[in-house]
Engineer: 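Quick one: structure below, then a few questions.
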Amino acid sequence: MAKPSSLLHLLASAVLAISVLLGHGVLHVGASHKVYRHLQTTVESTSVKQPYRTSYHFQPPKNWINGPMIYKGIYHLFYQYNPKGAVWGNIVWAHSTSKDLVNWTPHVPAIFPSQKSDINGCWSGSATILPGYKPAILYTGINPQNQQVQNLAVPKNLSDPYLIEWVKSPRNPLMAPTATNGINASSFRDPTTGWVGPDGRWRVIIGSKKDRMGMVILYRSKDFVHWTEAQHPLHSAENTGMWECPDFFPVSAQVPVGLDTSINGPNVKHVLKVSLDDTKHEYYTVGTYNSVTDKYVPDEGSVDSDSGLRYDYGKFYASKTFFDSEKKRRILWGWINESSSVDDDIKKGWSGVQAIPRTLWLDKSGKQLVQWPIVEIEKLRTNQVDLPDKLIKGGTVLEVSGITAAQADVEVSFEVKELEKAEVLDPTWTNPQMLCSEKGASVKGSLGPFGLLVMASKGLQEYTAVFFRIFKGQNKYVVLMCSDQSRSSLNNNNDKTTYGAFLDVDPLHELLSLRTLIDHSIVESFGGGGKSCITARVYPVLAVENGSHLHVFNNGTQSVGVPKLTAWSMKKAHIY
């Protein structure tokens with residue numbers, strides 16, 4: 001949401017995801033940030049060259065951003081934006097639209113503080129389509145007492161597909177902390193998309209906490225204006241701290257398609273995602289929602305804590321999904337926060353960027369979600385390069401030439417045959433990020449590390465390594481996926497944290513697949529067809545623009561096969 005935070009890695013950024021696919025859309029804005037009040041004046045970038053600006057990820061031309069809907073066939077992206085600087089402050093709800101989620105057109109800001117209930121800030125919110133195809137946004141405002149309260153805004157002109165003007169309800173705030181409800185006034189934010197229960201009433205949940213117990217408070221309404229708090233939260237978990245930017249939605253247990261947020265039934269599971277204010281990690285559980293008792297229960301084995309499943313194990317926060325009613329898919333938006341210093345953000349003139357929108361569905365196991373970049377970005381592919389079927393021996397680094405390596409889309413598969421030679425997995429190695437940090441790309445193993453060196457300089461002084469290692473567990477082989485930024489830049493002011501995840505694939509019966517999207521300062525990687533995803537933000541000194549190279553590598557002792565590698569240069573999207 002919108003409270004100051006001094007946690008590491010937030011730097012000058014706030015977090016926001018406004019996901020709205022109007023039509024059965026969702027709009028969400030979540031923000032946690034560090035405030036730099038002395039910098040909240042107009043700052044022009046001193047940079048002439050912009051080697052780190054993305055070419056097909058959404059970001060405005062300058063200054064700070066963070067933050068997406070479909071209404072009458074047009075996608076809407078709302079995002080928190082500082083028109084006067086590259087740090088937090090002077091925030092307005094900027095607004096852009098698109099017909100394909102790739103190319104975007106800017107509009108005038110949609111929402112800014114103007115009422116008593118939001119005079120100190122218009123923060124997190126979600127959009128819902130009401131009967132009659134009418135969009136409505138619930139958002140968190142900060143009142144004169146600095147309390148977090150919930151407000152309503154609706155479009156001024158429903159015949160306008162671009163929804164340029166929004167008006168606020170004179171009844172705001174609609175939900176607020178009181179002396180009788182016991183809600184923490186500084187921990188009450190981020191209303192979700194509404195859904196309809198079997199009694200015909202609307203429901204929304206709002207992130208909160210009680211002491212160290214994270215929770216989502218449930219409200220019900222007949223008209224989307226008058227709201228009543230339920231006697232119990234939809235769900236809570238001990239010792240998890242504040243839950244912000246919650247998201248709650250159904251997924252089909254039979255077919256990989258999206259579902260409207262109000263759908264429930266025998267072949268439907270539900271997902272609850274929360275963003276943890278304490279750790280700046282997100283996690284989700286898969287479970288069952290009883291729409292009569294209004295209780296959500298995670299499935300057995302679905303870990304309900306910071307060590308649970310994540311959409312993305314790298315730089316990815318304040319995420320939000322929406323149901324694309326036209327293409328019957330659920331789309332995930334997430335915010336990629338910075339790894340550069342505040343001073344460098346000021347110099348380059350901007351910070352914050354949106355991840356590529358991802359289609360999301362329930363894996364056939366029923367235990368986790370799968371994500372994949374929206375198919376629309378594939379129209380940006382050009383200059384296809386195919387690497388012939390190769391056996392990559394241990395110690396090999398093979399360059400993939402013929403593409404623009406700083407702006408690329410790469411798909412590669414690995415085949416491993418001598419699995420019996422895998423290193424034995426120590427039972428204490430339960431933290432994949434720590435394991436990737438200890439066993440980085442330069443640490444030779446048996447079956448791995450093997451994968452891609454992206455954003456690599458000519459002499460490999462700089463590179464970001466995205467790779468796999470295979471271990472022998474007690475009853476199965478265990479695949480570790482890593483994104484190693486330790487050598488990503490000669491600039492040591494950058495955050496070069498290494499990220500990792502265990503990948504639920506069986507190398508005995510299937511190839512290990514990896515897709516990596518490279519966009520100047522972003523490396524988004526999808527392992528195992530999207531079962532595990534890791535996003536990194538890198539700022540190399542040498543490996544920029546034409547100085548960036550792409551390699552396949554194997555630093556294990558055993559050879560691995562590469563039956564398929566296809567890479568494309570990516571054309572620049574029209575974004576401002």
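All residue numbers refer to positions in the sequence shown, counting from 1. This one's a predicted model, so the numbers in the text were calculated from it and none came from an experiment.
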Engineer: What is the distance from atom OG1 of Thr535 to atom NZ of Lys315, rounded to the nearest 0.5 Å?
Structural biologist: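 Between Thr535 OG1 and Lys315 NZ, I get 11.0 Å after rounding to 0.5 Å.
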Engineer: Between Phe249 and Phe323, is the ring centroid distance below 6.0 Å?
Structural biologist: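 No, the ring centres sit 6.0 Å or more apart.
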Engineer: Are Phe450 and Phe553, when compared by the centres of their aromatic rings, separated by less than 6.0 Å?
Structural biologist: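 No.
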Engineer: Within a strict 4.5 Å, meaning less than it, do heavy atoms of the Phe248 and Tyr296 side chains meet?
Structural biologist: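 They are in side-chain contact.
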Engineer: Are Lys295 and His235 close enough that some pair of their side-chain heavy atoms sits under 4.5 Å apart?
Structural biologist: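 Not in contact.
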Engineer: Between Asp199 and Arg220, is the closest basic N to carboxylate O distance under 4.0 Å?
Structural biologist: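 So Arg220 does not pair with Asp199 through a salt bridge.
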Engineer: Do you know which of Asn151, Val149, Leu138 makes side chain to side chain contact (heavy atoms under 4.5 Å, CB included) with Leu174?
Structural biologist: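 Passing option: Leu138.
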Engineer: In the structure I gave you, are the side-chain heavy atoms of Ile205 and Tyr219 within less than 4.5 Å of one another anywhere?
Structural biologist: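 The answer is no; the side chains never approach within 4.5 Å.
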Engineer: When rounded to the nearest 0.5 angstrom, what is the spacing between CG in Leu452 and OG in Ser525?
Structural biologist: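 The CG atom of Leu452 sits 7.5 Å away from the OG atom of Ser525.
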Engineer: Taking His270's backbone N and O only, do any of them form a donor-acceptor pair with Asn264's side chain (distance below 3.5 Å, no angle check)?
Structural biologist: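 No, the answer is negative, given that no donor and acceptor are paired below the 3.5 Å cut-off.
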Engineer: Can any side-chain N or O of Lys328 pair as donor or acceptor with the backbone N or O of Ser325 at less than 3.5 Å?
Structural biologist: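 Side chain of Lys328 to backbone of Ser325, a donor-acceptor pair under 3.5 Å: yes, one is there.
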Engineer: Whether the side chain of Arg189 engages the backbone of Ser186 through a donor-acceptor N/O pair (distance < 3.5 Å, no angle test) should be reported.
Structural biologist: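 Yes; at least one donor-acceptor contact below 3.5 Å.
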Engineer: Got Ile331 and Arg358 here, is their nearest side-chain heavy-atom distance under 4.5 Å?
Structural biologist: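 Side chain of Ile331 against side chain of Arg358, heavy atoms only: no contact under 4.5 Å found.
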Engineer: Side-chain contact test, heavy atoms from C-beta onward, threshold under 4.5 Å: evaluate it for Gln433 versus Thr498 and give yes or no.
Structural biologist: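 In short, these two side chains do not touch, never coming nearer than 4.5 Å.
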Engineer: Of the non-hydrogen atoms in Ser319 and Leu332, which two are nearest, and what is the gap between them?
Structural biologist: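 Scanning both residues, the minimum pair turns out to be CB-CD1, 3.7 Å.
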Engineer: Would Ser275 and Glu282 count as a side chain to side chain donor-acceptor pair (under 3.5 Å) if you check the C-alpha gap in whole Å, the side-chain angles of each, and the deciding distance to 0.1 Å?
Structural biologist: CA-CA 4 Å; Ser275 303; Glu282 299 191 311; 2.6 Å; yes
Engineer: Given 3.5 Å as the limit, does a donor-acceptor pair link the side chain of Asn554 with the main chain of Gln558, or not?
Structural biologist: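 Judged by distance alone, yes, a pair lies under 3.5 Å.
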Engineer: So, Tyr133 versus Tyr71, ring centres under 6.0 angstrom or not?
Structural biologist: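 Ring centroids of Tyr133 and Tyr71 are less than 6.0 Å from each other.
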Engineer: Testing Leu259, Val257, Asp324 for side chain to side chain contact (heavy atoms under 4.5 Å, CB included) with Arg329, which one passes?
Structural biologist: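 For Arg329, the side chain to side chain contact (heavy atoms under 4.5 Å, CB included) test succeeds with only one of Leu259, Val257, Asp324, which is Asp324.
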Engineer: Side chains of Ile206 and Gln150: closer than 4.5 Å at any heavy-atom pair?
Structural biologist: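 Heavy-atom side-chain distance check passes, below 4.5 Å.
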Engineer: Got a donor-acceptor contact below 3.5 angstrom from the Asp519 side chain to the His57 backbone?
Structural biologist: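 Yes, the answer is positive, given that a donor and an acceptor are paired below the 3.5 Å cut-off.
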